[in-house]
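One structure is given here, and the rest of the page talks about it.
In what follows, every chain begins at residue 1, and chains take the letters A, B, ... in the order their sequences are listed.
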Amino acid sequence: MSTRLATGGRRLDRSRRVAFTFNGKRMQGHPGDTLASALLANDQMLVGRSFKYHRPRGIVASGAEEPNALVGLGEGARFEPNQRATTTELFDGLSCISQNHWPSLETDIGAVNGWFARFLPAGFYYKMFIHPRPFWKHVYEPFIRRSAGLGKVPNPGDPDRYEHFHFFCDVAVIGGGVAGLQAALAAAEAGARVLLMEQTAHWGGRAPVDGGAVEGQPVVDWIDATLARLQDMPHVTLRNRCMGAGVYDHGYLLGYERVSDHAPGSDAPRHRLWRIRAGQIVTATGAIERPLSFAGNDVPGVMLASAVRDYAVDYGVSAGDRTVVVTNNDDAYRTAITLKTLGLEIPAILDARQQGGGALAEEARGMGIRVENGKGIAKVKGGRRVTGVAICAQAGEGAVLEEIGCDAVAMSGGWSPVVHLWSHCGGKLIWDEALALFRPDPAQPPRGADGAGFVLAAGSANGALSLGAVLADAHAAGQAAAEATGHAPGATPAPQGTEDTEAPIAPVWLMPQGARTALRMKSWLDYQNDVKVSDVQLAAREGYESVEHAKRYTTLGMATDQGKLSNINGLAILSDALGQPIPQTGTTTFRPPYTPISFSAIAGAARGPLFQPVRKTPIHGWHEANGADFEPVGQWHRPYCFPRGEEGRHEAVNREIRQTRESVGLLDASTLGKIIVKGPDAGRFLDMLYTNMMSTLKPGRCRYGLMCNENGFLMDDGVVVRLDEETFLCHTTTGGAEAIHGHMEDWLQCEWWDWKVHTANVTEQYAQLAVAGPNARKLLQKLSNDDLSAEALPFMGWTEARISGIPARVHRISFTGELSFELAVPAGRGLALWEALMVAGEEFGVMPYGTEAMHVMRAEKGFIMIGDETDGTVIPQDLGLDWAISKKKHDYIGKRAQQRAHMADPNRWKLVGLETLDGSVLPDGAYATAPGHNANGQRNTQGRVTSSYHSPTLGRGIAMGLVHRGPDRMGEVLEFPTLDGGILKARIVDPVIYDKDGEKQNV
Amino acid sequence: MSEAVPPLGGARFNGLAMIEDAGLMGMITLRGDLASAAMKAAVKTALGLGIPDQRQALSGEGGSALWMSPDELLLICARDGVAQVIASLEDALAGRHFLALNVSDARAVIRVTGAGARETLAKLCPVDLAPGTFTPGMVRRTRLGQIPAAFWLDGRGAFHLICFRSVADYAFGALCDAAAPGGAVGVHG
Amino acid sequence: MLILHCPCCGVTGEETEFHQGGEAHLKREGPGSSDEAFHTYLFAKENPRGVHFERWRHAYGCGKWFIAARDTVTLEVYGTYPAQTHEPPPEIREAITAKRPGWRWRAFA
């Protein structure tokens, strides 16, 4: 059984206890425990079920590479699936559940899959579920979706706080082990601004467990001293619980800081995403131990040798009372020696190497441990827990030589540098034959904006495996990084660390070497995805020769751990099956993030009211207080209508229209874009920008204009006001101001840079209020002594006036077809003017109207709306707007495009009005069908509805649409199929339905 | 006659930094040839200030001048002095190609002060706000969360953040969120 | 995410402050141009594997357009320069030649 030892556990505070629950079972640990170490201390070796076969699985590792011990952490809104127990710091009150089983961890029905494992090899799903075709959607997929997947997604909203933080430094060092500390120190001593990040709560990495000395002092003391030195340096930032998540172009680095995962209930944000720009990045990310591939290597109790050692030293936890060590390198001997020293039994060390180990092996033998060279494990005994191992010759086929009783197996297949962050942005790897590992190729680093490499690997992440080599390598990397960012490195040499003399590793990709099929089918490569040696061999036989294809076919290296333990073993098996050397097979692509990060951290503050900016007019507060029903228009929120009492939207809109048509209504039109264009060449410039002539507009007058892009398509429209000889005010659509301003600046800066024109976006300087209706003038004259009569201020004119004492620019423009004034006043005075109009208008029954009433009224007038009648493929000529296109101008933006044959084709769809025969409302976007079918078997079409409303003025549905040769077909009846299978018939009519002669607006 | 309503109505939040509505002030967009002697003289006459260097602000008794782009300044003065400053500029630059516009109502100004001011901004803006890098007198136009914004640092350590009026609530809310207690990063002092 | 240097205001900022605006150094074709010339102007854009010239606007900054000479494969930025020119300035061409001898882009080399 796994248990807490009486002594040891350098990270623990044994004086205090921490209570937690696992699947509802109460357990205890100590401050300093991880969830994994605490579970082991409570003899909870079984922690989950595997993905495909639902096999019982236990803790394998002690860090981020853990594939099995994924739990659902927390409860309710704070529940989080797939959390690694090995990287979860224990806190009081922690509650977690195991995953991927039903009804319980101990009794799991899905485990029957395991009995059929023979029939569920790699690619089974692809082959099985393809026929019959309809079964996929209705039978297979729903079933697979229910049975697949690891944790469950939490349902309620996340109550915690998250944020981003932008940070800049010369050198970012990822990894706070010995290598990271030394690299950071070397760079900081040279004067570089340094950020050092460590994903765990602890500094020093694995060195305290492995031991050794630096400059004659114990490595633990050196770590403390170095840390203290770095903390004293003002240009160094140290961050623990902060993982280097991803390296991106041009030195962009994401850091994932788990600020308060370990301290729930604090007022700190839960996670902070560091968005870092570093001149140089040093990846001191260490190395991960590889498992060995032998039958039953997934039985709970089989663990990485380094993890067994970590649990013993760091947490005072033994994985078992009797631990068999199996290895192909010297490092695992340290585990045996450590356990033996703690008084635990080591029945045997099985060393797959014929020649055996070096000094460490001698030391183990000297302690009385049985060491067997050239031996391996044929098979692990036990189901939910290791009960023993059958040993065999590594060179054979698995003939059992002996069975040894044990309750834990510590395995080591060698070490793989963590090259993920080096590789994220294109760093290449080389295969080191002697060390049997991939390491960064210094000649092919990721390259930055200046074309030079910006990532350096240091320490064991760079393939330096002994303490002495790690320090020397990290020192050099730190100095090189500082130098690359313009800081001359100091003269201090690298500190001297212990150099071990280890016997060389012997690559062992399968144990035993000639394992028979039955054994290979129980030799796991990828624990999380249930991929075995036999699956990869099958993939190779079936032609999946590319490592990327084999990965997807077998699912090797997918899911939350992304093959941290399985990738190298898997590609070695694939290489062997293909009869090619490992470098030729290569690795799959390493993609960020290094381990999964929370969606909430990525979203940061962008949630709730900060999800997206809401643009508010100066009168927004009044709208809110008066029951406005808002709709988003771009980022603006505009009142759609102002319902009263029990009124629905439809009734409110009808009421607002009737009031405006019969008396007077108010519209908050502040969202309209307003751009000042000034200069001696302003008229010439606007002649190029608009399809009609603007240079001839007289000061004091307004003109409606159309703007096209160089493709000839309509992009915006609005009223242009000539303020004085040199100055124009261009109104744009709501939400169009920024884009149109950008468009203007584009042409001014990049094409006509010698023209003297200045522009400024003054959209928000003004509140703009439309006062529309037959009583509009009467209302305004109540508040103004200035003459606003038709003679003094005719239609399409503007003047300056004081309304209610507020200086305003008054435009006689109309989008409703009624007598209408648009008043522009400084934004800060907008609300005051609005309220004054509401009070003064009481005698006329004045009321505000919203965007929908505006839309209906403009549609009654046949006025187009950018985005309704246009969609980026419509030219002004399609909309019958030829009157707004100057024939005199040689050029304007879009003119040449409109001369193309298909733009002048009479067969284009053109704007018409549509009148349903039964008076109902056509669905927006409905298509008019035409005889016959197209090449895809769909019915041919001859037009579509672009705007459609109920008109209270006319008491029936009105619509506009684009119809094939529409204006030539007045009176024809078209058929519009509806979604419910019916057909609506509508007659082609003139789009102007209300006051065609414009008598109402021109009074 | 009514008084103008400020977009944030004097809002204030005290967290890791003090976030407060800077209230109404006069703002003028001035575009033209910043290198010309005429422009130099015009700004001197109108505000008593020189032309600030690239991405710098100059302040004096009459107000401040912020460099916004190679041909644009933002002049800040008392709200009731705007008409006079514009008249003075128009007078001095008569016959030249320039643009001087009152934009006092178009924008909101938020003051960010206190020990956490730099970190508060650094949570929202992709700008190096380290004390040794972003120094008094600097102006930076950038992105604050999802909106365009500009800020400058005065000689007393206060950041003045300028954004469009319509998104003043968003900017203020984002700054308050970034300055919420418990969120100190502990990097910039 | 790229880093770009705006030659107009001097800011070296991250890509989110900028908007990309397509191919640089286009010659506008207006009324009177042939169908082919107009088609080429609008649609026949360069799509090189390597050296490229692009328009960028410092949208969240000074609002100015500029041109970036960069490599579409390595993402190396050879230099940026103001948009008021019909061709890459000599120092930009030299910087590219130093890194990519023999480069060609449209008529430039």
Can you name the nearest heavy-atom pair linking [X] to [Y], along with the distance?
{"X": "A:E163", "Y": "B:A178", "value": "OE1-O, 4.5 Å"}
{"X": "A:P680", "Y": "B:H97", "value": "CD-ND1, 3.6 Å"}
{"X": "B:G183", "Y": "A:P269", "value": "CA-CD, 3.6 Å"}

Kindly check if the number of other-residue, nucleotide or ligand heavy atoms within 6.0 Å of [atom1] ([X]) is above 12?
{"X": "A:N785", "atom1": "CG", "result": "no"}
{"X": "B:E61", "atom1": "CD", "result": "no"}
{"X": "B:Q54", "atom1": "CD", "result": "yes"}
{"X": "A:R607", "atom1": "CZ", "result": "yes"}

Using modelled atom types only, decide if a donor and an acceptor are shared between the side chain of [X] and the backbone of [Y] within a distance under 3.5 Å.
{"X": "B:Q146", "Y": "A:P613", "value": "no"}
{"X": "A:Q765", "Y": "B:S104", "value": "yes"}
{"X": "A:H164", "Y": "B:L124", "value": "no"}

Does any backbone or side-chain atom of [X] lie under 4.5 Å from a heavy atom of chain B? Answer side chain, backbone, both or neither.
{"X": "A:Q612", "result": "both"}
{"X": "A:V825", "result": "neither"}
{"X": "A:F167", "result": "side chain"}
{"X": "A:T671", "result": "neither"}
{"X": "A:T617", "result": "neither"}
{"X": "A:V762", "result": "side chain"}
{"X": "A:L195", "result": "neither"}

Checking [X] against chain A: side chain, backbone, both or neither under 4.5 Å from a heavy atom?
{"X": "B:P126", "result": "both"}
{"X": "B:D177", "result": "both"}
{"X": "B:L99", "result": "both"}

Partner of B:S166 by side-chain hydrogen bond (donor to acceptor under 3.5 Å, both in side chains), out of A:H620, A:E764, A:K616 = A:E764
request  = Between chain B and each of A:R277, A:R239, A:H235, count heavy-atom pairs under 4.5 Å; write down the option with the most.
outcome  = A:R239
query = Relative to chain B, which of A:P609, A:A268, A:A760 shows the most heavy atom pairs under 4.5 Å?
reply = A:A268
query = Is the A:F165 ring parallel, tilted or perpendicular to the B:H188 ring (thresholds 30°, 60°)?
reply =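 Aromatic pair A:F165/B:H188 classed tilted.
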Heavy atoms only, distances under 4.5 angstrom: which of [options] has the most pairs with chain A? Name it, please.
{"options": "B:L101, B:D128, B:N102", "value": "B:D128"}
{"options": "B:V127, B:L24, B:I147", "value": "B:V127"}
{"options": "B:R31, B:R107, B:E72", "value": "B:R31"}
{"options": "B:V103, B:T29, B:L121", "value": "B:V103"}
{"options": "B:G132, B:A171, B:A106", "value": "B:A106"}
{"options": "B:G145, B:C125, B:A184, B:A174", "value": "B:C125"}

ask   = How far apart are the C-alpha atoms of A:Y766 and B:D105, what are their side-chain angles, what is the distance that settles it, and do they pass the side-chain contact (heavy atoms from CB on, under 4.5 Å) test?
value = CA-CA 7 Å; A:Y766 300 99; B:D105 283 55; over 6 Å; no
key: B:F98 six-ring face occupied by A:K756 cation (under 6.0 Å, within 45°)   =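 So A:K756 doesn't make the cation-pi contact.
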query = How long is the gap from CZ on B:F164 to OG1 on A:T763, to the nearest 0.5 Å?
reply = 7.0 Å
message = Using the rule given for side-chain contact (heavy atoms from CB on, under 4.5 Å), can you reason through B:L129 versus A:H166, listing the C-alpha separation, both sets of side-chain angles and the distance that settles it, and then say yes or no?
response = CA-CA 9 Å; B:L129 280 145; A:H166 296 92; over 6 Å; no
